[in-house]
Amino acid sequence: MAWRVGSQQAQPRVGLILAGGGARAAYQVGVLKAIARMRAPAAVNPFPVLCGTSAGAINAAALAIYSADFQNAVSRLVSVWGNFTVDKVFRSDFWGIASSGAHWFAALMLGGVMGRYNPSSLFDRTPLQQLLSRYMPFEQIGTAIEAGHVHALSITASGYTTGQSVTFYQSAEPIEPWDRAIRVGCPAQIGIEHLMASSAIPFLFEAIKINREYFGDGSMRQIAPISPALHLGAGKLLVIGVRGSDDDGIDREKIIEYPSMAQIAGHALNSIFLDSMEVDLERLQRINRTLETVPKKYVADGTVSLKPVETLVISPSRDISKIAQQHSHHLPRTVRYFLRGLGALNRDGTSLLSYLLFEKAFCRELIALGYADTIKRREEITTFLDAQ
């Protein structure tokens, strides 16, 4: 949680941590848009260490690829997210949804005897793979690293066989791979397969094979989402979260009806995407407070080998699930019909809806929210990024 004295340059590198969250990651783009406005025109990327998970992995990779011009990189993200439609992420046409449903029904009725032809996911993400192939020249990551615009980029995915949280990283200098409890670091040439694996939400999207193992969404089992940035040399951290101020804040009341499938699924996804980041931040803050009680002379002479990590967190000021409920009618009719059957269009099912609502009206509102939340803290953020 804290970095070791002597392992960093005098000027700590700033690490940017972009968490997962499906369509909620549009909020991150709004935050980045505001930060880009605070920087000089044509300024290079202000985040030498970029760490992304799930949908945040896509945003992090885009920033690395176009890091020579930070405003251009952010403009590209705003353009893509601000014009998203579900059919650019997964097949939402009638035949796509119907064939997936029929496939699952057949597998259930036949007791899984279809073997390797059993369904692997609810939705087909071929459209997203095509979109990434068109807009993400991955060879430019190495170019950006060589030019000094990026020190390291990491993408985290979860291995279904080993159960490990694997952080694939590409860096300017050799960084020793790490091996901790259920989490490891592995050097790699970041490519489309890493982004597709990191964003493969369980059950909804198909797992991706990398080397010898199938990987799913990186938020699963990621018990220390801050850790990769520290391993890669970050000395201070900007964390962009996707949990709204009132998310999961429904008042306790007497419940008569059994929870819907959507409510259960949304609860599970909230646990995967939102909880580990908050727990890790609390742990970091606790360590920082403990280190504040240590006399500085012991840090200076090396008696204590750890140093506090300055962290700034930006998160939504509104409940994203409630915003999603207002935009559910923008979904294609086929997807709406499917989600209604799960209960995702009801008040208690909107958490699930918020992860799948890749529609421009919803994404644009999240971008606007991220922008507004960040501009309000302009002085604080500018000081954080520019402090010597």
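Shortest non-hydrogen contact noted between Ser198 and Ile155 is CB-CG2, 3.6 Å. In this structure, Ala23 and Phe362 approach most closely via the heavy-atom pair CB-CE2, 4.0 Å. The two residues Gly82 and Ile367 come nearest to each other via the heavy atoms N-CD1, 4.0 Å. Minimum heavy-atom separation, Ala200 to Tyr160: O-OH, 4.3 Å. Counting all heavy atoms, side chain and backbone alike, Ser354 lies closest to Ile320 at CB-CG2, 4.1 Å. Closest non-hydrogen pair, Ser317 versus Asp373, comes out as OG-OD1, 2.7 Å.
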So Thr156 and Thr167, side-chain hydrogen bond (donor to acceptor under 3.5 Å, both in side chains) or not? Walk me through it.
-> CA-CA 4 Å; Thr156 300; Thr167 296; 2.9 Å; yes
Checking side chain to side chain contact (heavy atoms under 4.5 Å, CB included) for the pair Val239/Leu312: CA distance, chi angles, key distance, verdict?
-> CA-CA 6 Å; Val239 180; Leu312 181 65; over 6 Å; no
With side chain to side chain contact (heavy atoms under 4.5 Å, CB included) as the test, would you mind laying out the steps for Leu281 and Val313 before giving the verdict?
-> CA-CA 9 Å; Leu281 284 169; Val313 181; 3.8 Å; yes
When you look at Leu63 and Leu77, which way does the side chain to side chain contact (heavy atoms under 4.5 Å, CB included) test go after all the steps?
-> CA-CA 9 Å; Leu63 290 177; Leu77 283 172; 4.0 Å; yes
Check the pair Met136 / Leu131 against side chain to side chain contact (heavy atoms under 4.5 Å, CB included), numbers first and verdict last.
-> CA-CA 8 Å; Met136 305 277 269; Leu131 181 71; over 6 Å; no
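Residues Pro332 and Glu359 have side chains in contact (heavy-atom distance under 4.5 Å, counting atoms from C-beta outward). Counting heavy atoms from C-beta on, the side chains of Phe168 and Ser154 never come closer than 4.5 Å. For the pair Thr53/Leu18, no side-chain contact is recorded, criterion being any heavy-atom separation below 4.5 Å from C-beta on. Using a 4.5 Å heavy-atom cutoff, the side chains of Ser171 and Pro187 are not in contact. The closest side-chain heavy-atom distance from Thr126 to Phe90 is not below 4.5 Å. Inter-residue side-chain proximity for Pro137 and Gln140 is flagged as met; some heavy-atom pair is nearer than 4.5 Å. Annotation: side chain of Leu128 is not in contact with side chain of Phe205 (no heavy-atom distance under 4.5 Å). Annotation: side chain of Val279 is in contact with side chain of Arg283 (closest heavy-atom distance under 4.5 Å).
More than 12 heavy atoms of other residues, nucleotides or ligands sit less than 6.0 Å from atom CD of Glu139. No more than 12 heavy atoms of other residues, nucleotides or ligands shown are found within 6.0 angstrom of OH on Tyr214. Surrounding CZ of Arg134 are more than 12 heavy atoms belonging to other residues, nucleotides or ligands, all under 6.0 Å away.
Hydrophobic clustering places Val150 together with Leu385 (ILVMFWY residues linked when any side-chain heavy atoms are closer than 4.5 Å, directly or through intermediates). One hydrophobic cluster holds both Ile192 and Phe123 under the rule that ILVMFWY side chains link at heavy-atom gaps under 4.5 Å. The cluster map of Ile, Leu, Val, Met, Phe, Trp and Tyr, joined by side-chain heavy atoms under 4.5 Å apart, puts Val44 and Ile141 in different clusters.
Annotation: cation-pi geometry satisfied between Arg24 and Tyr355 (NZ/CZ under 6.0 angstrom from ring centroid, within 45° of ring axis). Phe384 carries Lys236 over the face of its six-membered ring, with the cationic atom under 6.0 Å from the centre and within 45° of the normal.
In this structure a side-chain-to-backbone donor-acceptor pair under 3.5 Å is missing from Ser227 to Ala224. Side-chain N or O atoms of Arg221 include one that pairs as donor or acceptor with a backbone N or O of Gly163 at under 3.5 Å. For Tyr27 (side chain) and Ser315 (main-chain N/O), a donor-acceptor pair under 3.5 Å exists by modelled atom type. Looking at Lys88, its side chain does come within 3.5 Å of a backbone N or O of Asn83 through a donor-acceptor pair. Judged by distance alone, the side chain of Gln28 and the main-chain N or O of Asn59 form no donor-acceptor pair under 3.5 Å. A distance-only check finds a donor-acceptor pair linking the side chain of Thr382 to the backbone of Arg378 [under 3.5 Å]. Judged by distance alone, with hydrogens and angles left aside, the side-chain atoms of Tyr66 form no donor-acceptor pair with the main-chain N or O of Asn45 at under 3.5 Å. Here the side chain of Asp280 pairs no donor or acceptor atom with the backbone of Ser276 at under 3.5 angstrom. Checking side-chain atoms of Gln170 against main-chain N and O of Gln189 turns up no donor-acceptor pair under 3.5 Å. No side-chain donor-acceptor contact under 3.5 Å links Asp124 to the backbone of Arg91.
At a cut-off of 3.5 Å, with distance as the only test, a side-chain donor of Glu213 or Thr162 sits close to an acceptor on the other residue. Gln222 and Ser158 share no side-chain donor-acceptor pair at under 3.5 Å. Side chain to side chain, Ser321 and Arg243 fail the donor-acceptor criterion of an N or O pair below 3.5 Å.
Here CG of Leu16 is found 6.0 Å from CG of Leu50. Values are rounded to the nearest 0.5 Å. Rounding to the nearest 0.5 Å places NE2 of His330 at 13.0 Å from OG1 of Thr85. In this structure, the separation between OG on Ser328 and CD1 on Ile323 is 13.5 Å, given to the nearest 0.5 Å. A distance of 9.0 Å separates CG in Leu153 from CG in Leu232, rounded to the nearest 0.5 Å. Atoms SG and CG, from Cys51 and Leu237 in turn, are 8.0 Å apart once rounded to the nearest 0.5 Å. Note: Ile381 CD1 to Glu379 CD = 11.0 Å, rounded to the nearest 0.5 Å.
Between Phe84 and Trp81, the two ring planes are perpendicular [angle over 60°; tilted spans 30° to 60°]. Ring orientation note: the planes of His231 and Trp178 are close to parallel, at an angle under 30° on the 30°/60° scale.
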Show me the side-chain donor-acceptor pairs of residues 29-42 shorter than 3.5 Å, one per line, residues at least two apart or across chains.
unit_1	atom_1	unit_2	atom_2	d
Arg37	NH1	Tyr371	OH	2.4
Arg39	NH1	Asp386	OD1	3.1
Arg39	NH2	Asp386	OD1	3.1

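Using a cut-off of 4.0 Å between Lys/Arg side-chain N and Asp/Glu carboxylate O, Glu206 and Arg125 are scored as not salt-bridged.
The salt bridge (Lys or Arg N to Asp or Glu O under 4.0 Å) test applied to Glu365 returns Arg318, not counting sequence neighbours. Looking at residues two or more places apart in sequence or on another chain, you find no side chain to side chain donor-acceptor pair (under 3.5 Å) involving Thr290.
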